[in-house]
2 protein chains.
Amino acid sequence: MKDIIKQEPTCEQELIAIKDSLEILGGKWKLRIMRHLNNHVAENNTFKKIQREVEGISAKMLSKELQDLETNLLVTRTVMNTRPVTVSYAITEYGTSVFPVTETLVQWGLNHREKIKV
Amino acid sequence: MKDIIKQEPTCEQELIAIKDSLEILGGKWKLRIMRHLNNHVAENNTFKKIQREVEGISAKMLSKELQDLETNLLVTRTVMNTRPVTVSYAITEYGTSVFPVTETLVQWGLNHREKIKV
DNA sequence: GTAACCGGTTACCTTTTGTTAACCGATGAT
DNA sequence: ATCATCGGTTAACAAAAGGTAACCGGTTAC
C-alpha cells in the first residue's frame, strides 16, 4: 500500500545524503573549482587560467581534482585545436546543480567573517 | 565617496569565502554532526547518543570535532548532574546558521543518488 | 567483587592530501 | 639555437586527517 508520494527523508537518510555529497564534492578544492567554472561559464577556462585564479592550487592537485570532477560528469575537458594546443574545462549542465551548495557556503563564509570581525 | 550599499562579492572574494567556510566546516564529520544536532535540537544529545547516530564516527574523532565546533561557537557542551555524569551537546543559535549549507548538501546528495540510479 | 556504561584520552598506525621540483613533448617568439 | 609557454606527469616527501585499540576514573547493577 505504499504511496507514490515522495517521502521526506529520515534523519539517517539525510546524513547518508550529506556523506554522499561530501564523497564527491568534499576536500579543499572541488567546490572552489566548481564555483570558479560557474562564475566563468562563458569563458575559455584553460588549465593555466584556472590554476592562476583558484589561488594556491598546484598543477598536480588541479589535474587530479579536474579528473575526479570529469569522472562524476560535473566537468568536461576539451582539447582545442589552437596552436599551441590549449585545453578548455567547462562545467556541465549537471555540474550547475552544485551551484546552491557553493552559494550557501559563500554566504556562510561572508557572514562568518563579519561575525568574527566584531 | 564609498557608498554604504553592500557590494556584491567579487569572484575572488567568493572563493575566499568558500575557503573560510571549509576551514571551519570541512572534513568528513562536522556537517554531519551539525545536521544531526539540528535535527534533534529538542533532545538531550549525549556523547554516546551522537556516536551511535552519526554512523561510523569513532570516539576520538567525535571528541575532536565537537571541540572544534565548540571553539567556533557552533555547539555548546554541558555537563549534566545526572548519575552517572552525562554530557549534553547542543547546537547554538549561531550554529543554526549552518542549516542552509547542510540542506543544500542533503538535496544534492539525494538528487545525485537518483541520477546515478538510472 | 565484577562487569558494564559514560565520556572521554592516548599512542600507534594507515590513508589521504598536499607540496616541491624535475621533467616531457609540442609550439612560438627572438 | 635558445628560451618561454601550454598542459600536464612523475617521484619523493611532508603534513593532515582519520582509524584502531587500549586504557582511564567514576558509577551503577548484579
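Lettering follows sequence order; numbering is per chain, from 1.
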| remark: Closest non-hydrogen atoms of B:Val75 and B:Thr92, given as atom of the first, atom of the second and distance, are N-CG2, 3.7 Å

Those residues of [range] lying under 4.0 Å from DNA chain D by at least one heavy atom:
| range | value |
| --- | --- |
| residues 13-20 of chain B | none |
| residues 63-72 of chain A | A:Ser63, A:Gln67 |
| residues 39-60 of chain B | B:Ser58, B:Lys60 |
| residues 29-38 of chain A | none |

| query | Does a side-chain N-to-carboxylate-O contact under 4.0 Å join A:Lys49 and A:Glu43? | reply | yes

| NZ/NE/NH1/NH2 to OD/OE distance under 4.0 Å, A:Glu70 and A:Arg77 | no

Partners passing side-chain hydrogen bond (donor to acceptor under 3.5 Å, both in side chains) against [X] (at least two apart in sequence or in another chain):
| X | result |
| --- | --- |
| B:Asn72 | none |
| B:Glu8 | none |
| A:Glu93 | none |

Can you tell me how far [atom2] of [N] sits from [atom1] of [X], to the nearest Å?
| X | N | atom1 | atom2 | answer |
| --- | --- | --- | --- | --- |
| B:Lys28 | C:dT14 | NZ | C1' | 12 Å |
| A:Glu23 | D:dA17 | CD | P | 18 Å |
| A:Met61 | D:dA14 | CE | P | 18 Å |

Can you list everything that forms a side chain to side chain contact (heavy atoms under 4.5 Å, CB included) with [X]? Sequence neighbours excluded, please.
| X | result |
| --- | --- |
| A:Thr10 | A:Glu12, A:Gln13 |
| B:Lys19 | A:Arg32, B:Glu23 |
| B:Val106 | A:Glu14, A:Ala17, A:Ile18, B:Arg35, B:Leu110 |

| said: D:dG8, OP1 or OP2 - any side-chain N/O from A:Arg77 closer than 4.0 Å? | reply: yes

| request: Please check the phosphate of D:dC6 (OP1 and OP2 only) for any side-chain N or O of A:Tyr89 closer than 4.0 Å. | output: no

Atom pairs under 3.5 Å: protein N/O with N/O of nucleotides 23-25 of chain D:
none

All N/O contacts under 3.5 Å from nucleotides 28-30 of chain D to the protein, with atom names and distances to one decimal?
residue, atom, partner, partner atom, Å
D:dT28, OP1, B:Arg83, NH1, 3.4

Side-chain ([X]) to main-chain ([Y]) donor-acceptor, under 3.5 angstrom:
| X | Y | result |
| --- | --- | --- |
| B:Asn45 | B:His40 | yes |
| B:Ser21 | A:Leu105 | yes |
| A:Thr104 | A:Pro100 | yes |
| A:Thr46 | A:Ser88 | no |

| Would you say B:Leu15 and A:Phe99 are hydrophobically clustered, going by side-chain heavy atoms of ILVMFWY under 4.5 Å? | no

| task | Applying side-chain contact (heavy atoms from CB on, under 4.5 Å), run through A:Val54 and A:Leu62 and close with a yes or a no. | result | CA-CA 9 Å; A:Val54 177; A:Leu62 182 54; 6.0 Å; no

| request: Hey, can you tell me if B:Tyr89 and B:Phe47 have their rings parallel, tilted or perpendicular (30° and 60° cut-offs)? | output: tilted

